[in-house]
Protein chains: 2
Amino acid sequence: MAARPTDTKEAILRLGTEFIQTYGYNAFSYADISKELHIKNAAVHYHFPGKEDLLAGIIDQYIHRYRELAKSFGNPGIAAKQKLQAIISRYSLLCEQGKICLIGSVCTDYNTLPESVKTRLTELIELVLGMVEKVLKEGKKKGELQFTETARVKSMLLMTNLAAGVQLARITGQKDYTAICNSLLKQLVV
Amino acid sequence: MAARPTDTKEAILRLGTEFIQTYGYNAFSYADISKELHIKNAAVHYHFPGKEDLLAGIIDQYIHRYRELAKSFGNPGIAAKQKLQAIISRYSLLCEQGKICLIGSVCTDYNTLPESVKTRLTELIELVLGMVEKVLKEGKKKGELQFTETARVKSMLLMTNLAAGVQLARITGQKDYTAICNSLLKQLVV
DNA sequence: GTCTATATTCCGATAGAC
DNA sequence: GTCTATCGGAATATAGAC
């Protein structure tokens with residue numbers, strides 16, 4: 001077994017992510033994935049025995065990516081505003097694609113998930129909030145950002161605006177998401 | 001046929017709402033409802049032929065209730081802060097019950113819904129946003145509230161904080177929701 | 001690693017009796 | 001308005017050949 005996942009496995013993870021962002025975890029099936037990849041149902045089960053294993057794999061991928069992003073934010077050469085925009089632009093991309101935040105999507109289904117996935121999801125959420133909190137705290141200290149709340153609370157306010165903003169804008173129109181983003185940046189950046 | 005829905009019909013609407021707020025629209029079945037009400041599957045179909053009819057009925061109920069709430073806000077004797085708290089307390093109640101906002105829950109499943117439901121959902125969202133926008137605008141005019149954004153944008157920021165805040169707090173703990181609310185009120189109320 | 005084939009269970013839905 | 005009975009289909013999942 002290679003250390004790197006196979007192309008098929010990666011394609012399944014990618015498609016699963018896309019389905020969750022587009023339709024929700026409980027609204028897609030292994031058949032949806034196998035059809036799109038032109039393989040059979042059973043092949044998907046080979047890579048991820050149960051649907052919860054697939055979700056766990058997707059969340060693990062996110063945890064890995066956000067750890068990398070958080071690490072890259074350690075570089076002292078990056079301005080706080082730039083870090084903020086890196087986060088916001090991820091959500092903007094989703095919005096343009098008619099998708100929603102994976103975390104937000106899975107949060108809705110929280111009570112239908114097995115304990116192992118709940119734990120991972122909590123870890124991912126705290127990872128993201130912690131990362132944003134750090135960006136805010138350091139940005140404020142350097143005089144690049146301004147806010148009156150604690151960094152923890154401000155990170156929650158910011159991320160709920162972004163995640164739910166994308167969901168809202170999928171229904172009421174992209175202009176609403178743009179307005180939210182502009183407002184957030186104007187308010188935060190000195 | 002009476003103008004008022006039967007007890008059973010109302011119980012189905014109530015349970016359906018609860019399931020959506022707890023598990024999500026695509027994660028409960030007519031069997032779940034019939035079991036809890038000690039009736040048979042077919043009886044539920046009598047009141048709501050298809051699941052989408054049930055969801056449409058639930059959303060219609062919400063539209064009706066929010067129209068009433070908006071109307072009650074027309075009373076000039078109510079302070080803006082009081083109106084705000086009436087809105088916030090609805091979300092606090094959800095939070096205490098481990099439920100999430102119905103609109104937020106259904107938004108995740110948006111792309112799996114038939115056109116008739118999408119239309120109703122959009123109407124409900126604009127109704128709520130419009131109501132909040134009016135509260136904010138009038139509160140600012142009377143010097144009771146303060147904010148720099150347009151009332152429309154501020155209403156979106158506020159409602160996304162509340163809706164996603166409840167979802168977040170279901171996972172990270174109720175204290176986070178409380179912190180969000182306190183921050184919102186402190187920021188808004190003069 | 002993918003296939004065929006199949007098992008099981010559940011879901012949404014309907015016909016027709018009471 | 002609720003029941004019994006049942007249907008067609010879909011979802012999750014597994015056994016075993018290739």
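Order of the sequence lines fixes the chain letters, A, B, ..., with proteins taken first and strands second; residue numbering starts at 1 for each chain.
- In this structure, A:Arg170 contributes its side chain and A:Thr22 its backbone to a donor-acceptor pair below 3.5 Å.
- Within a heavy-atom distance below 4.0 Å of DNA chain D, the residues of residues 45-57 of chain B found are B:Tyr46, B:His47.
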I'd like a list of close polar pairs between nucleotides 3-9 of chain C and the protein, N/O only, cut-off under 3.5 Å.
residue: C:dC3; atom: OP2; partner: A:Lys40; partner atom: N; Å: 2.6

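- In terms of modelled atom types and a separation under 3.5 Å, the side chain of A:Lys51 and the main chain of A:Phe28 share a donor-acceptor contact.
- Counted by atom type alone, A:Tyr177 and A:Ser92 present one or more donor-acceptor pairs between their side chains at under 3.5 Å.
- Remark: C1' of C:dC10 and NZ of B:Lys35 are 9 Å apart, rounded to the nearest angstrom.
- Counting only distance, with no hydrogens or angles, the side chain of A:Lys154 and the backbone of A:Phe147 share no donor-acceptor pair below 3.5 Å.
- Each of D:dT12, C:dC11, D:dA11 was ranked by its minimum atom distance to the side chain of A:Ala31; first place goes to D:dA11.
- Side chain to side chain, B:Ser34 and B:Asn41 fail the donor-acceptor criterion of an N or O pair below 3.5 Å.
- Considering only side-chain N and O atoms, B:Thr8 lies under 4.0 angstrom from the phosphate OP1 or OP2 of D:dT2.
- Here the side chains of B:Lys118 and B:Glu115 are in contact, with some heavy-atom distance below 4.5 Å.
- Classified by interplanar angle (parallel below 30°, tilted 30° to 60°, perpendicular above 60°), the ring pair A:Tyr30/A:His45 is tilted.
- Of the possible donor and acceptor atoms, none in the side chain of A:Ser155 sits under 3.5 Å from a partner among the backbone N and O of A:Val132.
- Taking atom CD on A:Glu10 and atom C1' on C:dG1, their separation rounds to 16 Å, with Å as the unit.
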